Amino acid sequence: MIGLSPPQLGSNLPISPTVSDFEDASRHDIRDVFKAQYLRASPTVSDFMVNDTSATLAPSDDETMSWPSKTSRLPIASGSNVTLEDIEGPVLYEAPVDAIPEDDNLLIPGETSLDPLENSASQDDVPVRVLDDFSIFDMSSNELVPIAGLLGLGYGSRKFGASGSVRAWIDQDQDELGDDDESDEDLENLERVKLSTILEFDIHSISEATGNPDRFLALLIKIFVSNLNDSKIYIRTKYAWYILHMPTEEYGPFFISFWIKHRVLHILLNTVIRDRHASYEEFLETLSDVEGDSSAREEVLASLQMLGRVLTEADIQSEDVKAYVAANLPEMCDDYDIPINSVRLASEYLQLDLSDGEDFEPKSKSLPKSRSKRISTKSTLSDKEMEVLKHRNTTYVTPIVSQIMKNLFSVPLHFAEIPRIEDDPDVITEIDNVKTHHSDPTSMKWGQAEGNLYTSLNMDGVEYHAGDDVMVVPGDDEDQKRALISETDASQSPNSYANHLWFCKICYFFEKNVNGKKVKMFHGQWFIHGSKTILQETAHSKSLFLLNTCEDNPAASIFKKCNITMMGAGDVEQPDDGQPHANDFHCALAYDEKEASFTDLPSEEEMTKLLEHDTCIACALRKRGEQLDELVMTSDGYSRHGIHYHPNDFIYIRSRGRTTGLLDIAQIVMMEVEGRNFQLTVQMFERPSKPQNSKGGLPWDDRRLYLTDNEQIIYDIDLVDGMCFVRQLTDADEIDEWVTQDDHFYVNQIIDGRTGKPRDLDNRAVRKCDTCWRERRRKQEEQQKLLMRNGPIRCLELFSGAGGLGTGLDLSGFVETKYAVEFSPSAAATYAKNHPNATVYCQDSNKLLQQAYETGKGETPEPLLSGMDGKTRLPPMPRRGDVDMISGGM
């Protein structure tokens, strides 16, 4: 292999690279990459392999190897068995007193300072550094987090930070990362830095070796470098890339286990790169090989430095390690154009089924049967339940699941290549043209004025009125989480307008003084497109949802008019035609972004009342919400949070100081108001006690209540938590029908105050509020009409088991589980027996997902056979539009 070092630029000071320099190198002849007279660095973390091992820590052939001694700088003492499982409760990060914050002004000794006046400088020109004695933590809670948690960066709202001793990564003939001669004194002299937010976490990203998509060029560069496989772990902040070196003693348990998995993977990959037919025993030898090539010796030294020992067979046979290797090896072999079915270790070590692979002749003594045995695809066990536990099929998932979970499973994940939605180019051109035009409108003239407000505006010949629905050019979204989510593939809609514009209703126009200049503005009520809600890609391309937010916007931000149809409860949503340039939208529900929930729109009557004193629905809704929080006395009771309470109503009561458990239930006996003082007199009910051992007895009935003679007075109205309904019933069939509804309970006994035992109630001992009872029946009838008109929600249940979840959903009356997937033959047979109208797929969910994907592409895959008998052909998976909801549980 060729060892290379950069030119010395008139100084003995080692050169620290910056990121964009490799991008320039990729545009030169391959031979010039290593002769370029400028600083070199890596566009992605994997590119450090260009110069990573130009020099090694191993001695020459005539030297004796010195094993590193265990010093106080080792994060975990030799032989330490402390693991993450041994740690009870969170461990908090404590920032060192002398830690300095990372910012633009931080300059590390030996590091090249970027010239801010250089025209070629870009945001990618960041230095590369080494982070030693480090910890990684959650920036909101300061809790230390496992390094593997960074694999989920970008898929949640958590922000991670790091702290440690920082030094420049030196591009020279001596690789400092492996220099075990570095003393404690040297570490103490390093700058201790608290990093800014971690933006990227990178491991083994070899497929982006040069920042150039030209695969041939990438392969040529790999030929010239001395180490084909970079095993370092990197993080990136706004200001630099950092190579993670040694953790602190406190952070060791959060890092070491992942480091072992990652190290084993790269040692194995290097072994495969040298010889794809290498045996398991040859792989074992590399773990402690001090006589091999420089790369092998460096791996041994790295293990000694991190663990105080070499890696052992016990390490590589760990289930966690094997799972990590199996999940990543196929993809990494593909990057090196090595077919996985030609890799001997894939079958001998990982026991992957490579039935189409090569026949490997043993190059050394035979392996023990426990290691060399493969999983046979032709095994026929008499016990079907044991048979389904053997993993035979490719794990098939969606792209997002693959990105998040690929490092957590013991098998490779294959994903459906769902094409990204492409915007209509004509719509994009139209948006760009209007953006440019409206940035400086030729003319803007007010229409009729009403006080300080205006009802219309003429902008460049187009008349806009209060009440018009418009699309506007977005500004910067203050909700960063929402802004990030809206850019993901899953949040893109077939409607191109929805991907680039916001929607609102003009409430009124007005003028605002900004820096001495009058700016024409409008107050707008916001809508949100369905693809930007939790529905994401499942949303109708023309669906909008009313938000309870409004805002003042510059009139120049208006893109153009659109049509938003407000739908009533009985209106039917039209089929989605997926037109990219459609300008007609509909709104049937309101959306609460904070709770991620959908609610009914105000009725026409409510809307009229709301707009009596406001021209903006959002403003009116906020005022109504504030009013609903107030306690309002009526002629026959009181009202709060939109619920009207009367004597004889049944209510839920929260116990003061108790945050868990079931709510208490009581009946209102009397209401009293004296000035600002309010009190409720209630009669309490009791629930039956849960039996300690119900074996041989009846199941506990959580809908049954017992009346008591216990009256209480409630002074704190906040303890009342809604209304329920209680009937005095004794007939079993009536009880069964009654309790199918939420908030329905029954009673037929009272607890005797003297004996403490229940006795039967007299007929009609429990009274009710006729007004609330009639309102309850009216709502039930409306729900029934809605159900009859639209039918129940059609559900596909995954991992259904024997059907507990599906049965519960079906009992709601609003869900019909029409399809179920279950791999266990006995569980699937039970499900089919109890759900005769459901189609039960007794088959591997991976194969079913793959079949559904291929069918969706217009292909005709072979029918799958039912696992219940191995003979019956399963029907095709439901198509798009056949399922309204997917449920699943464990």
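What you see is a predicted model, and the numbers here were worked out from it, not measured in a lab.
Among residues two or more places apart in sequence or in another chain, the side-chain hydrogen bond (donor to acceptor under 3.5 Å, both in side chains) test is passed with Asp733 by none. Residues passing the side-chain hydrogen bond (donor to acceptor under 3.5 Å, both in side chains) test with His835, sequence neighbours excluded: Thr807. Checked against side-chain hydrogen bond (donor to acceptor under 3.5 Å, both in side chains), His586 has the following partners two or more places apart in sequence or in another chain: Glu573. Residues satisfying the ring pair (Phe, Tyr, Trp, His ring centres under 6.0 Å) criterion with Tyr645, sequence neighbours excluded, are Tyr638. Annotation: salt bridge (charged side-chain N to carboxylate O under 4.0 Å, His left out) contacts of Glu94 (sequence neighbours excluded): none. Taking the salt bridge (charged side-chain N to carboxylate O under 4.0 Å, His left out) definition, one finds that Lys833 meets it with nothing, sequence neighbours left out. Annotation: salt bridge (charged side-chain N to carboxylate O under 4.0 Å, His left out) contacts of Glu511 (sequence neighbours excluded): Lys520. Residues satisfying the salt bridge (charged side-chain N to carboxylate O under 4.0 Å, His left out) criterion with Asp469, sequence neighbours excluded, are Lys505. Here Ile750 pairs with Leu707, Arg759, Leu761 under the side-chain contact (heavy atoms from CB on, under 4.5 Å) rule; sequence neighbours left out. In this view, Ser887 and Cys795, Glu797, Leu805, Leu809 satisfy the side-chain contact (heavy atoms from CB on, under 4.5 Å) rule, not counting sequence neighbours. Taking Phe137 as the reference, Tyr93 meet the ring pair (Phe, Tyr, Trp, His ring centres under 6.0 Å) condition, with sequence neighbours excluded.
Checking Asn748 against Thr730 by side-chain atom types alone, no donor-acceptor pair falls below 3.5 Å. A donor-acceptor contact closer than 3.5 angstrom links the side chains of Arg704 and Gln749. Inspection of the Asp664 and Ser655 side chains reveals an N or O donor paired with an N or O acceptor under 3.5 Å. Side-chain polar atoms of His644 and Ser639 form a donor-acceptor pair below 3.5 angstrom. Residues Gln679 and Glu672 bring a donor and an acceptor atom of their side chains to less than 3.5 Å of each other.
Of the residues Gln780, Glu775, Glu781, the one that meets the side chain to side chain donor-acceptor pair (under 3.5 Å) test with Arg778 is Glu775.
A 4.5 Å side-chain heavy-atom check between Phe814 and Leu787 finds at least one atom pair inside the cut-off. For the pair Asp600/Leu589, a side-chain contact is recorded, criterion being any heavy-atom separation below 4.5 Å from C-beta on. Contact check for Phe522 versus Val472: side-chain heavy atoms found under the 4.5 Å cut-off. The shortest distance between side-chain heavy atoms of Val726 and Gln667 does not fall below 4.5 Å. Annotation: side chain of Ile751 is in contact with side chain of Glu686 (closest heavy-atom distance under 4.5 Å). The closest side-chain heavy-atom distance from Ile714 to Ile653 is below 4.5 Å. Contact check for Gln574 versus Met567: no side-chain heavy atoms found under the 4.5 Å cut-off. Within the 4.5 Å cutoff, side-chain heavy atoms of Ile668 are placed close to those of Ile651.
For the pair Lys561 and Tyr464, the cation sits on the ring face: its NZ or CZ lies under 6.0 Å from the ring centre, inside 45° of the axis.
At distances below 3.5 Å, at least one donor-acceptor pair connects side-chain atoms of His744 with backbone N or O atoms of Trp738. Between the side chain of Glu822 and the backbone N or O of Ala827, no donor-acceptor pair lies under 3.5 Å. The closest donor-acceptor contact from the side chain of Asp721 to the backbone of Arg654 lies at 3.5 Å or more, if one exists at all. Of the possible polar contacts, one joining the Gln728 side chain to the Ala765 backbone as a donor-acceptor pair under 3.5 Å is found. Side-chain atoms of Thr830 never come within 3.5 Å of backbone atoms of Ala802 as a donor-acceptor pair (strictly under, hydrogens ignored). In terms of modelled atom types and a separation under 3.5 Å, the side chain of Asp649 and the main chain of Met723 share no donor-acceptor contact. Distance alone, capped at 3.5 Å, is enough to place a donor-acceptor pair between the Lys532 side chain and the Ala498 backbone. A donor-acceptor pair is defined here as one N or O able to donate and one able to accept, closer than 3.5 Å; such a pair exists between the side chain of His529 and the backbone of Ser531. For Gln712 (side chain) and Val682 (main-chain N/O), no donor-acceptor pair under 3.5 Å exists by modelled atom type. Looking at Arg727, its side chain never comes within 3.5 Å of a backbone N or O of Ile735 through a donor-acceptor pair.
The nearest pair of heavy atoms linking Cys772 to Phe725 is O-CE2, 4.1 Å. The two atoms that bring Asp701 and Pro688 nearest to each other are O-CG, 3.4 Å, heavy atoms only. Closest of all the heavy-atom pairs between Pro647 and Val669 is CB-O, 4.4 Å. Considering every non-hydrogen atom in both Phe527 and Cys504, the closest pair reads CD1-CA, 4.0 Å. Nearest heavy-atom pair, Gly881 versus Arg794, reported as atom, atom and distance to 0.1 Å: O-NH2, 2.8 Å. Contact record, Val739 with Arg703: O-NH1, 3.1 Å, taken as the closest heavy-atom pair.
In this structure, Tyr591 and Phe598 have tilted ring planes: the angle between them lies in the 30° to 60° band. Using cut-offs of 30° and 60° on the angle between ring planes, the pair Phe503 and Phe585 is perpendicular.
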Table please: side-chain donor-acceptor pairs of residues 544-551 below 3.5 Å, with sequence neighbours left out.
{"residue": "Glu551", "atom": "OE1", "partner": "Trp526", "partner atom": "NE1", "Å": "3.2"}

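Atom CG of Asp736 is surrounded by more than 12 heavy atoms from other residues, nucleotides or ligands within 6.0 Å. Environment of CG in Asp718: crowded, with over 12 heavy atoms of neighbouring residues, nucleotides or ligands closer than 6.0 Å. More than 12 heavy atoms of other residues, nucleotides or ligands sit less than 6.0 Å from atom CD of Glu734.
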